[in-house]
S.K.: 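Below is a structure I'd like to ask you about.
Positions are given from 1 along the sequence. Computed from heavy atoms alone, side chains included, the values below leave out hydrogens, waters and symmetry copies.
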Amino acid sequence: MVNSIGINYGQIANNLPSPEDAVPLVKSIGATKVKLYDADPRVLKAFANTDVEFMVGLGNEYLDKMRDPTNAQAWVKENVQPHLPATKITSIFVGNEVLTLNDTSLSDCLLPAMQSVHAALLNLGLDKQVTVTTTHSLAILQTSYPSSAGAFREDLMDPLCETLNFHQKTGSPFLINAYPYFAYKGNPEQVPLDFVLFQPNQGVTDPQTHLDYDNMLYAQIDAVYSALASLGYKKLPVHISETGWPSKGDEDEAGATPENAEKYNGNLIKLMSGKTGTPMRPNSDLNIYIFALFNENMKPGPTSERNYGLFKPDGTPAYPLGITPNNVVGRNTTVGGGSFGNAVTNPYYPMSSSTGYMSISSTRQQRYQLLGHVLLMVPLLMIKTLV
């Protein structure tokens, strides 16, 4: 198996280094993949001949236009084809967390837009090297505890199954944005910090599968695997398209510190080099994209939104990760050695850390309200036994 770390390259800032200067920073953390929220030609050219794989994005504001195959083909010819093969563009994600925005005008456009972009790739002979997908919030789950009982929301089943059929037909991955940070932020007294930071802890056993979990992220991934399996999509690959931890936050943002960000992202990077999957899929490749490469000073929302970066705009580390390109090869001995995961997600989960990247998106307050009916929380008694 080949686990790989990716990095989200956001650019909502007015003080970032040039894309050319970003290349060595990406390589310094051992990242082999980059997720770009658009198809910025400056970035794609800067990473030519570096062997770094790219996922490029088509924002929600493009969905209606991309329903027209002519528009989709024009976009691919202008934004993707010229950079191949020098820059390894391997995927296009069409839309960001569309199904949980409660906007039928967007969700109705999602599949047709994905189909048009895929048809454009097919017409241009690029479909074998570039896949088409979309990203989802973990709020598409109705149930996530225990992981073996993971299930999708009934109200999203029709559009979700349409996209799942598309993934299965075209061989593209299923993308989830997952943030254990928000589970801790929402319930810092009940959610054990060691669980969310990949620190040693006593763990939780899934009562159905008897699999042991000792971090939150892997349990969330397995809940998605279970939800997919329940619908007959056992072989569909799951990639975590966003996860991360802020190094700074407002007074009411519990846990947003450099120390916790260092533990979360540093432990995750080291863990990924251990050549193991989740407890439920120990032999499946893991592809996880950390959010984000830089702190971005122009992002809206709370202070944490502007402080997810591994690096400051001047290129210096936002905090020490404790890794170098040379030591991202062996398992971190301070991280648990067997099964990983935790069985906690909760109704405070945001749609995405990348608020503001897609022009058609709800406000931060609307995003939280959207999750009011989604109960994804471990019973408090079970959490308390872990503290």
S.K.: Nearest 0.5 Å, what's the CG-OG1 distance between Leu110 and Thr104?
M.R.: 13.0 Å
S.K.: Classify the side-chain pair Asn265/Tyr319 by whether it contains a donor and acceptor separated by less than 3.5 Å.
M.R.: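 The answer is yes; a qualifying pair exists.
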S.K.: Determine yes or no for a side-chain-to-main-chain donor-acceptor pair under 3.5 angstrom, with Thr134 supplying the side chain and Gly95 the backbone.
M.R.: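 Looks like yes, one N/O pair under 3.5 Å.
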S.K.: Taking the side chain as C-beta and beyond, is there a heavy-atom pair between Tyr289 and Met55 under 4.5 Å?
M.R.: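 When only atoms from C-beta onward are counted, Met55 and Tyr289 do touch, with a gap below 4.5 Å.
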S.K.: What I want to check is whether the side chains of Ser304 and Asn307 have a donor and an acceptor closer together than 3.5 Å.
M.R.: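 On atom types as modelled, these side chains do not qualify, holding no pair under 3.5 Å.
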S.K.: For Asp285 and Asn3, which I'm curious about, is there any donor-acceptor pair between the side chains at under 3.5 Å?
M.R.: no
S.K.: Indicate the atoms forming the closest heavy-atom contact of Trp245 with Pro180, along with that distance.
M.R.: CZ3-C, 4.3 Å
S.K.: Would Val132 and Leu121 satisfy side chain to side chain contact (heavy atoms under 4.5 Å, CB included), going step by step from the backbone distance to the final call?
M.R.: CA-CA 9 Å; Val132 176; Leu121 293 168; 3.5 Å; yes
S.K.: Do Met280 and Ser226 make a side-chain contact, defined as non-hydrogen atoms from C-beta onward lying under 4.5 Å apart?
M.R.: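 Of all side-chain heavy-atom pairs linking Ser226 with Met280, at least one is under 4.5 Å.
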S.K.: To check you understand the geometry: which heavy-atom pair defines the closest contact between Leu141 and Ala223, and what is its length?
M.R.: CD1-CB, 4.1 Å
S.K.: Under 4.0 Å between a side-chain nitrogen and a carboxylate oxygen: does that hold for Lys312 and Asp314?
M.R.: no
S.K.: Is there a side chain to side chain contact (heavy atoms under 4.5 Å, CB included) between Ile5 and Ile290 once you walk through the steps?
M.R.: CA-CA 7 Å; Ile5 279 286; Ile290 292 175; 4.2 Å; yes
S.K.: Test side-chain hydrogen bond (donor to acceptor under 3.5 Å, both in side chains) on Ser147 and Asp206; report intermediate values, then the result.
M.R.: CA-CA 7 Å; Ser147 295; Asp206 188 309; 4.8 Å; no
S.K.: Rounded at 0.5 Å granularity, tell me how far CD in Glu242 sits from CD1 in Ile288.
M.R.: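 CD1 of Ile288 is found 13.0 Å from CD of Glu242.
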S.K.: Is the shortest heavy-atom distance from the side chain of Phe311 to the side chain of Ile29 under 4.5 Å?
M.R.: yes
S.K.: Drop me the distance from Thr276's OG1 to Asn283's CG, to the nearest 0.5 angstrom.
M.R.: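 Between Thr276 OG1 and Asn283 CG, I get 7.5 Å after rounding to 0.5 Å.
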S.K.: Asp212 versus Val204: any side-chain heavy-atom pair under 4.5 Å?
M.R.: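 In short, these two side chains do not touch, never coming nearer than 4.5 Å.
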S.K.: Tell me if a side-chain donor or acceptor on Asn49 pairs with a main-chain N or O of Phe47 at a distance below 3.5 Å.
M.R.: no
S.K.: Do Asp38 side-chain atoms and Asp40 backbone N/O form a donor-acceptor pair below 3.5 Å?
M.R.: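 Yes, Asp38 side chain to Asp40 backbone: donor-acceptor pair under 3.5 Å.
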S.K.: So which atom in Lys185 and which in Asp252 form the shortest heavy-atom distance, rounded to 0.1 Å?
M.R.: CE-O, 4.3 Å
S.K.: Please determine if Asp51 and Lys88 form a salt bridge, counting it only when a charged side-chain N lies under 4.0 Å from a carboxylate O.
M.R.: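 Lys88 and Asp51: salt-bridged.
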S.K.: For Ser116 and Ala113, indicate whether the former's side chain and the latter's backbone hold a donor-acceptor pair under 3.5 Å.
M.R.: no
S.K.: What heavy-atom pair brings Val76 and Ala120 nearest, and what distance separates the two atoms?
M.R.: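 It is CG2-CB, 4.0 Å.
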S.K.: Would the distance check show the side chain of Asn260 and the main-chain N or O of Gly255 forming a donor-acceptor pair, the cut-off being under 3.5 Å?
M.R.: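 Checked: pair present.
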S.K.: Between Ala22 and Tyr9, which heavy-atom pair has the shortest distance, and what is it?
M.R.: CB-OH, 3.6 Å
S.K.: Judged by atom type as modelled, is there a donor-acceptor pair below 3.5 Å linking the side chain of Glu253 to the main-chain atoms of Asp250?
M.R.: yes
S.K.: Might you confirm whether atom CD of Glu78 has over 12 heavy atoms from other residues, nucleotides or ligands at distances under 6.0 Å?
M.R.: no
S.K.: Show your reasoning for whether side-chain hydrogen bond (donor to acceptor under 3.5 Å, both in side chains) applies to Thr243 and Tyr181.
M.R.: CA-CA 9 Å; Thr243 192; Tyr181 162 68; over 6 Å; no
S.K.: Determine whether the side chains of Asn177 and Ser137 contain a donor N or O and an acceptor N or O closer than 3.5 Å.
M.R.: no
S.K.: Is there a path from Leu236 to Leu231 through hydrophobic residues (I, L, V, M, F, W, Y) whose side chains come within less than 4.5 Å of each other?
M.R.: yes
S.K.: Is the closest side-chain donor-acceptor distance between Asn165 and Tyr233 under 3.5 Å?
M.R.: yes
S.K.: Look at the side chain of Arg306 and the backbone N and O of Gly301, then say whether any donor-acceptor pair between them is shorter than 3.5 Å.
M.R.: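 Yes, because the side chain of Arg306 sits within donor-acceptor range (under 3.5 Å) of the backbone of Gly301.
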S.K.: Could you go step by step and tell me if Tyr225 and Ser284 meet the side chain to side chain contact (heavy atoms under 4.5 Å, CB included) rule?
M.R.: CA-CA 11 Å; Tyr225 278 133; Ser284 293; 4.2 Å; yes
S.K.: Quick one: does Lys33's side chain get under 4.5 Å of Ile7's, heavy atoms only?
M.R.: no
S.K.: Ser105 and Cys109: which non-hydrogen atoms are nearest, and at how many Å?
M.R.: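 Heavy-atom minimum between the residues: O-SG, 3.1 Å.
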S.K.: Test side chain to side chain contact (heavy atoms under 4.5 Å, CB included) on Gln11 and Leu36 and set out the steps.
M.R.: CA-CA 9 Å; Gln11 299 183 81; Leu36 197 59; 3.9 Å; yes
S.K.: Are Leu164 and Phe174 close enough that some pair of their side-chain heavy atoms sits under 4.5 Å apart?
M.R.: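 They are in contact (side-chain heavy atoms under 4.5 Å apart), so the answer is yes.
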S.K.: Counting only N and O atoms by type, is there a donor-acceptor contact under 3.5 Å from the side chain of Asn295 to the main-chain atoms of Gly309?
M.R.: yes
S.K.: Rounded at 0.5 Å granularity, tell me how far CG in Leu58 sits from OH in Tyr37.
M.R.: 14.5 Å
S.K.: Okay, side chain of Glu296, backbone of Ile12: is any donor-acceptor separation there less than 3.5 Å?
M.R.: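 Here the side-chain-to-backbone pair exists.
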S.K.: With distance as the sole criterion, is a donor-acceptor pair present between the side chains of Thr131 and Ser91 under 3.5 Å?
M.R.: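 Yes, side-chain donor-acceptor contact under 3.5 Å.
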S.K.: Taking 4.0 angstrom as the limit, do Lys299 and Glu305 come out as a salt bridge?
M.R.: yes
S.K.: Please report the interatomic distance CG(Asp214) to CZ(Phe195), rounded to the nearest 0.5 Å.
M.R.: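 The CZ atom of Phe195 is 7.0 Å from CG of Asp214, to the nearest 0.5 Å.
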S.K.: Whether the Tyr213 and Thr205 side chains hold a donor-acceptor pair (N or O, under 3.5 Å, no angle test) is what I'd like checked.
M.R.: no
S.K.: About how many Å separate CG of Leu217 and CG of Leu197, when rounded to the nearest 0.5 Å?
M.R.: 12.0 Å
S.K.: Is the closest side-chain heavy-atom distance between Ile92 and Val94 below 4.5 Å?
M.R.: yes
S.K.: Measure the shortest side-chain to side-chain distance between His167 and Thr133 over non-hydrogen atoms and say whether it is less than 4.5 angstrom.
M.R.: yes
S.K.: Is it true that a side-chain atom of Asn96 and a backbone atom of Asn60 form a donor plus acceptor pair closer than 3.5 Å?
M.R.: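 No, because the side chain of Asn96 does not come within donor-acceptor range (under 3.5 Å) of the backbone of Asn60.
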S.K.: Kindly assign one of parallel, tilted or perpendicular to the pair Phe198 and Tyr218, based on the angle between their ring planes and the thresholds 30° and 60°.
M.R.: perpendicular
S.K.: Between Asn8 and Lys35, does any side-chain donor sit less than 3.5 Å from a side-chain acceptor?
M.R.: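 A donor-acceptor contact under 3.5 Å links the two side chains.
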